[in-house]
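Everything quoted here is computed from the prediction, not taken from an experiment. So you know, we letter chains A, B, ... as the sequences are listed, proteins then strands, and number each from 1.
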Amino acid sequence: MAIEEAFNQAEIERCGTNVDEDDEAVVRAMYLSLAESEELSEQDIAVLMFVAGRTDQYDRTVVNVPMSPLLIEHFLRFLSEAVT
Amino acid sequence: MSVLSDRTKQVAEAMKEMKKEWVASEPEQTDLAMLVHLFRGTEPIAALQCRLDRDITLQACHLAVAGMAADQVVIGFESWTTSHMTNPATGKEWEHGQMSELGSDPEAVAKGWVKECLSVTGYDRKKNSTIVSIGYQITGTEVVFDEPVVMLSDDEEESWANAGGGYMQDAMLHAMSLPSVLEQAQTMEGPKFELMRDLMGTLGPEAVFFHIDCATLRTLGERELILGAVLLAEVGSERERMIEERFGVNLN
């Protein structure tokens, strides 16, 4: 299943998770860092647990964050400065 | 020759020159940093310098492609190549990571089983990909390059992408398939995105692209995904003027 399809909650529940309890805290902390956020929604957690089994060459967890909140903040500020 | 393969070859030639100059300067570490070139439409828009870390660079590419609405991306990095169809150490087909593993074995390198190379890979939003691989050998402060090996996914005779694959290609083709931040912003709900759309409507498209490029670079820097970056513009263009106004420098 492609990662983007994992955003379908029903599909996630059907496939189950591939992260054990020991990994979960690490994965949650990493996702919060990447998403520049302080809390996870239920949907975030479901998606996260599905994709977190994918690891990179150093066994670091790969998590796709579709839109960077930090980037949005900077963009909005730059636009506002340009208009005023 | 497609635009993508043309650009990939141009970046490969530029990396060869950088490599020559870098080795001639007698550095302790002769490897180049990873380099990322981004293109939007027909224009080069930015070049990023990343650490020698494939996965950090892929994260940077992911964010940069979405943020800058890049249509093409070309990534240059140090790698290993071989002329052996199978792994001489195992007698079996090559598996992921085995070339770099042999690269750390002086005996395997001396036997010519693997050789250092510059790899330059290009990707676009039409799922095309190109790889240029240039083997080289360093003798003292000089670099001797082999003839480039070019593999094109959009060339019927030299199909690579469909048969090759690999982690980096998968990650980049996935990144190139995602909508840009500007596209996503058009449909996002909430006062923040409504304000954003109003402001974008007030400014022209060139200014919007310039500000999203700047916001992307700022984010890449703050998240420590890049070592440095250069914004690119045509001489005499509105974009060049905006770069000069914002940063006060012009390296043309």
Is there a side-chain contact between A:Phe75 and B:Met196, using heavy atoms and a 4.5 Å cut-off?
yes

Derivation of the side-chain contact (heavy atoms from CB on, under 4.5 Å) call for B:Leu232 and B:Ile243
CA-CA 9 Å; B:Leu232 304 170; B:Ile243 291 173; over 6 Å; no

With side chains defined as the heavy atoms from C-beta onward, is the minimum distance between B:Leu63 and B:Arg223 less than 4.5 Å?
yes

May I ask you to decide whether A:Arg77 forms a salt bridge with A:Glu81, counting only side-chain N to carboxylate O separations under 4.0 Å?
yes

Neighbours of chain A found in residues 29-38 of chain B - heavy atoms under 4.5 Å
none

Side chain, backbone, both or neither: which part of B:Leu182 has an atom under 4.5 Å from a heavy atom of chain A?
side chain

Contacts of B:Glu78 meeting salt bridge (Lys or Arg N to Asp or Glu O under 4.0 Å) (sequence neighbours excluded), chain-then-number -> B:Lys19

Side chain to side chain donor-acceptor pair (under 3.5 Å) partners for B:Glu245, two or more places apart
B:Arg241

Heavy-atom check, side chain of B:Gln184 versus side chain of B:Phe193, under 4.5 Å
no

Is the closest side-chain heavy-atom distance between B:Leu217 and B:Met68 below 4.5 Å?
yes

Using a heavy-atom cutoff of under 4.5 Å, enumerate the residues of residues 198-207 of chain B that contact chain A, numbered in order, or state 'none'.
B:Leu199, B:Met200, B:Thr202, B:Leu203

The residue among B:Arg218, B:Arg239, B:Arg246 that forms salt bridge (Lys or Arg N to Asp or Glu O under 4.0 Å) with B:Asp213 is B:Arg239

Short side-chain to backbone donor-acceptor contact, B:Ser237 and B:Glu240, under 3.5 Å
yes

